[in-house]
Structures are given as C-alpha cells and as structure tokens.
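Okay, so here's the structure we're looking at.
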There are 2 protein chains.
Amino acid sequence: MELRHFRSLTALVDHGFSVSRAAKHLHLVQPAVSQHIKQLESEIGARLFVRQGKRLTGLTDDGQQILHYARQALSLGDSILAVGRDHAEERSGVLRIATTHTQACYVLPPVIRQFVTTYPEVNLQINQGTPGELVEAAVNDAVDLAICTEALSEHAALEAIPCYRWNRCVIAPPNHPILRKQKLTLDALCDYPLITYVFGFTGRGNFSDTFAHAGVSPNVVLSAADTDVIKTYVREGLGIGIIARLAYQPGRDDDLGMRDLSHLFPWEITKVAYVRSKYLRKFARHFIDIFRAETGGGDADRVIEPCRPRRADEVAGD
Amino acid sequence: MELRHFRSLTALVDHGFSVSRAAKHLHLVQPAVSQHIKQLESEIGARLFVRQGKRLTGLTDDGQQILHYARQALSLGDSILAVGRDHAEERSGVLRIATTHTQACYVLPPVIRQFVTTYPEVNLQINQGTPGELVEAAVNDAVDLAICTEALSEHAALEAIPCYRWNRCVIAPPNHPILRKQKLTLDALCDYPLITYVFGFTGRGNFSDTFAHAGVSPNVVLSAADTDVIKTYVREGLGIGIIARLAYQPGRDDDLGMRDLSHLFPWEITKVAYVRSKYLRKFARHFIDIFRAETGGGDADRVIEPCRPRRADEVAGD
DNA sequence: AGAATTTACGCGGTCCGTAACCATG
DNA sequence: CATGGTTACGGACCGCGTAAATTCT
C-alpha cells in the first residue's frame, strides 16, 4: 500500500467515479488506476466501491471510511511538502481563504492590503460561502483558512483562533423615530419591522436567542445573507436594519442613521480556523497575525475590539 | 513521495539513527533506506537529519516536524488495513491497552475476564505505566486504548470517554481513632500521618487541591504509586491511608478498617481514551462498551458508580 | 583498522502504457 | 455502436540488492 493508491482512490470519487477521468487528472491511463483500486481492495480484503457491472457507482461503507483516512494521509503528504517550501521559497506560494460576505467586505480589505504588500509573491485566493460551507471546505482541505463568527469552534478537527469581537447596531432612514428614542430596548426594536441576517449567518443565532430569552418576538420582515441587501431595503423604507456595527461605514452610509446596540446583545467573536493536523505555511501564520493585529488594533470607531488571546485548550471547549 | 519513504524515516529515528538497523527492521538493505532518505530530502528541499560526516545523529527542526506528519500518515495506513481486518476476521487481532496499577488490579480484572471469553482469538496485551506514559503511548500509536483518571482529557488528539466515577476512603489499623471519630473532616485527617498516592497518580491532584483550598496542610509521610504499597505501610502502622474506595477489597482487606470519604473530596472520573484519527477495531469498541457496562453497572459496594455519558464536544472541553 | 554510510552498478520486479476484449446504455 | 472498464501483454523504469569506495570512530 502506497500513497499512489490513495491518490487514485480520491481522484476517483472526486471525479464522479469515472476511472478514465480520474486517470486523466492523475496523468495516468485508465488501466493504471484500475489496478490501483484492485490492489487496494485486495490488500484491504474488502470491496471499496459498489459496482454495476463494470462501472463504479459509489462507495461502500468501508470505502467511505477508508476514503476519509486516505484523504488525511494525502493531506499529511502535502503538509510535508509545505514544510519544504517554507525553506526554499518562504515568501511565495498559495494561500486559500474562505470567509463570509460580511468579513470579506468590511473586515478583510485592510488585512488583505497589508498582506499582499508584504507578500507580493503569494497567490491569494478568497472564496465566499456560508459558515457551513467554510467548515466543510476547511476540513476537506479545499482552503487553508476559514474566517467567520459561527460554527468554526464546533468542529474537533479545526483549531479556531479568536481574533476580535463585535456587536450590532440598528440602522434606519434619517428621520425614523427609533433614532430619537431615549432608551433603546429590545421592546423598542420589536415595535418596527426588522431586517437582519438569515440563520447561520453573522450571529443570527445569538440575535434570535436574545429576543426569545427576553420573551419578546421581533417582527423580522426580511432576512438576508449579506449586509448590503439589508441596507438596500432599509433605504427602501421596508423597515429598520440590525447589522454588525462594523458593517456601517461612515462616509458611505451617512444617508442612514445608526445607533449602537451592544448593550442589548451578547458579543460575537470572529475567529480564523484551520485544520489542526495540517502544516500552515509561514505566511499563512503571518496572515493570522496580521488579521488579529489589524482587527484588534486600530480603527476604534468601527468597534472592532481586540479579544483576549486564549490558549488552544480553552478554545477547544467553546 | 510514497509511504515507503515514511517507513524508512520513522524506522531510522526509532532505531537510534542507524541506517543499517532501520534497514534490517524493514527487511531491506542499507543503501535502500539511504536512498529513501535522499529522495525525501531532495523532494522536500530541506535536510531532515543532522549529520556528522556520513553518520546521522539527529533530526533537524524540519525533520522533527515532518517525522510527526509521516507517523500520522503511516498510522492512517494502519487504520485502513484495520478496516479490512474487521471484515475478514472480525473476532481476531491484537488489542493493546495501557493503564495504571490501580485500574489493572482493581477494576480491569472482571472486564478482562468477560472480554477474553467473548473474544478468545484476540491477543490482549496490557501495559502498565504512569498517566503521562499512557498518553505518550496512545498518541504514538504504541497502544490502542489508555485507561486512567488523569491527563487523558488534556490531549487534543485523544478522545476520552468517561466511564465511571469514584472517590476515596481512609484505611487504618482496626483500633485507630480515626475509625471511631463522629465527624470525619479534612482537619481530622490532618491530625494523623497520611499515606497516599504520588503526584500524577490516581487523583492526587484533586487530593492536594482539596486540602489547599480548605487552608489546611496534610502530613503526607509516604507517597506511593500503587495502592498495595499504601496498604502495606498502613498495616505497618506508619499512618492512615487514603486510597480509592474501589481499591479496598472486602475479604482481602478485612484486617483494615475503612471509612468512606466521598463527602470530603471531589469525584474522580476514570476514562478510556484513544486517538481520534485512528480506526478502532470492532472488538476494541466492544471492549469500551464492556468496560463501561461492567464498571457502571453492578457491584455497588465497591462504589464504582456509573457516570453520565457525555457527547464528544463536552469531553473535549474538560 | 573496523564499522557504518555513501556511491556505483546491475538485475529483477513492477508500474505504467498499448492493445485487445467485454459490458452497458 | 459508442462509451467506459477490465484483461492481457510488453517495455521501460526504478527500486532494491551486491560490491566497491569513503569517512569517521
């Protein structure tokens, strides 16, 4: 059993169980990967694929199990090569990041700017997705870093580094009564139609829990995956928006009134996560440092606050 | 890069950096493993070994790092083979367990008895060691399961399954005043010379903390790694012993008086742990079930109490 | 000088590629 | 019959073993 068998196995499932396509992807011919599978199955002593005649259609339970191990082993091989590259070409390579809309638009830009100037040789790839997709992508080694507020701490394979904390604000058209109210309470928010994030996004869990815990029910008339949609409909007069405070941009959003809500909701903690067992290139670790410094450090009026650094075992218990 | 390179790498460090001995162990000749190392270093682009002339003397920092990944990859290979064996010969194989003296003597015997009768074909190997050694052995894939009360939950690579909880008792010669005292308090225990476990063993951490927290200092005249030594010196009249209640055996220890101390100390939780990323043979998982059932279930007068099953993510936060 | 590792070289196995054969839609 | 997979077979490569050269103890 050698890594080449694992390469054929993973290529096969990654290309719709087509031996020929997998072979092409591996720069081999069909019979070669056929043989790899055959050898694997004979050495293991169990069928890995379900077959319809000669055609492979899916994985057996064992195959599923084994695929998982094979992927990990290959990933470790990549880690080993990565260690080497950190020697040969410390300042060049690829950094793949997955994050959510809010992070990508409002938090990452200055970080990216600083990173690309210090590492002009690094090919930076940013993917956008839902928190669930980020976790998926990270554990499948489709990206190196995942950045968001939800879901990252749940997965045992991920190391999640807390970077900064943030809270919410309400935005409304300039003359909206909510902006003049003396005491801004949850009840007050419930008096108006609300626009905020969909479930699974940007702290929506804590948002709903807070109302539920207070025994009041907000009237959410629109849920959006990203802040721009919320702003748009607030400008349309559909309701008042509750967004991450850091997504309110003075200058750009001066046509909207804004009031802080951090006294009403729990703080959210945005984290950057990576799979524990993988080697992170030096520049990837540096990216995390830059991210923490940039978000934790300056720009106080965006209410990005630094967050106490924590040790790994604390993070695990989140 | 193939698994064979990793095999040579690990064999080399496991045999004192002697290429010839490593080769012998791999059923190869010296030049073969020399070549493996050469190929590895060339593909990675960094030296893995520090050399004195032609002789290898140790690992570079990178080598250390890479060794770690290589070991994991090989371990995954073993897991893949293990999946297969669970098909071919479900009821035969090897189960390697590491545990402490207390568990081995007082808790495991009935579990072992049941296991070997249900799996007579399984080669059961039990190693004894300190809690630190158990963790070491588990993460290095030297054993399959580690059973003890300390240290297991700390290591991120280990999944620790809580199995039962226990507390302490005091043992003393028959006419000792401690046995007649109305209220058994920490202060009362401090009035006499104490014999108990050494640090890092059988809940000694919580033991000391409890006294420290109460602001009293016990007079520990002897610390032993196992219960039998403690009993011996209690019989000698050197002092009173504080041991795990489950280590007091009615019948065998009737010449010693015993009183329960569970109102004074926190409960300890004994766990069985294994490395998360590894495949556990079916009989290994069954062993855990037997262990939990046997300890959680019957024999109430040994005060082995069942412990609420917990989900993996709870355990991780311990 | 002796033990151990590297280098050099040749053989044997095996890994892959070509080609023919077979199953399926 | 076209597409895709397996079987069969041959060649090239390379991985391993033997033997000589080299270096450190």
- Grab the CG-C1' distance between A:L26 and C:dC15 for me, whole Å please. 14 Å
When the side chains of residues 29-36 of chain A are checked against the rest of the protein, which donor-acceptor pairs come out under 3.5 Å, sequence neighbours left out?
| residue | atom | partner | partner atom | Å |
| --- | --- | --- | --- | --- |
| A:H36 | ND1 | A:S8 | OG | 2.6 |

Set out, line by line, the N/O atom pairs under 3.5 Å between protein and nucleotides 21-25 of chain D.
| residue | atom | partner | partner atom | Å |
| --- | --- | --- | --- | --- |
| D:dT22 | O2 | B:K54 | NZ | 3.4 |

- Message: Which residue is it: B:R91, B:R281, B:K282? I am looking for the one with a side chain to side chain donor-acceptor pair (under 3.5 Å) to B:D86.
- Response: B:R281
- Do any side-chain nitrogens or oxygens of B:K38 fall under 4.0 Å of OP1 or OP2 in C:dT5? no
- Query: Between B:E2 (CD) and C:dC16 (C1'), how many Å, whole number?
  - Reply: 13 Å
- Spacing between B:E43 atom CD and D:dG15 atom C1', to the nearest angstrom: 15 Å
- Item | Contacting residues from residues 7-23 of chain B, given that a heavy atom lies under 4.0 angstrom of DNA chain D | none
- Message: Any side-chain N or O of A:H36 below 4.0 angstrom from OP1/OP2 of C:dC15?
- Response: no
- B:F49 CZ to C:dA4 C1': how many Å, rounded? 15 Å
- Query: With sequence neighbours excluded, what pairs up with A:Q125 under the side chain to side chain contact (heavy atoms under 4.5 Å, CB included) test?
  - Reply: A:V94, A:R96, A:N123
- To the nearest Å, how far apart are B:K24 NZ and D:dC16 P? 18 Å
- Taking the six-membered ring for Trp and the single ring otherwise, decide whether the centroids of B:H286 and B:F115 are under 6.0 Å apart. no
- Query: Roughly how bent is the helix from C:dA1-D:dT25 to C:dG25-D:dC1 end to end, in steps of 10 degrees, with each end axis from five pairs?
  - Reply: 30°
Under 3.5 Å, N/O pairs linking protein and nucleotides 17-19 of chain C:
| residue | atom | partner | partner atom | Å |
| --- | --- | --- | --- | --- |
| C:dG17 | OP2 | A:V29 | N | 2.9 |

- Query: Any side-chain heavy-atom pair from B:R71 and B:F6 closer than 4.5 angstrom?
  - Reply: no
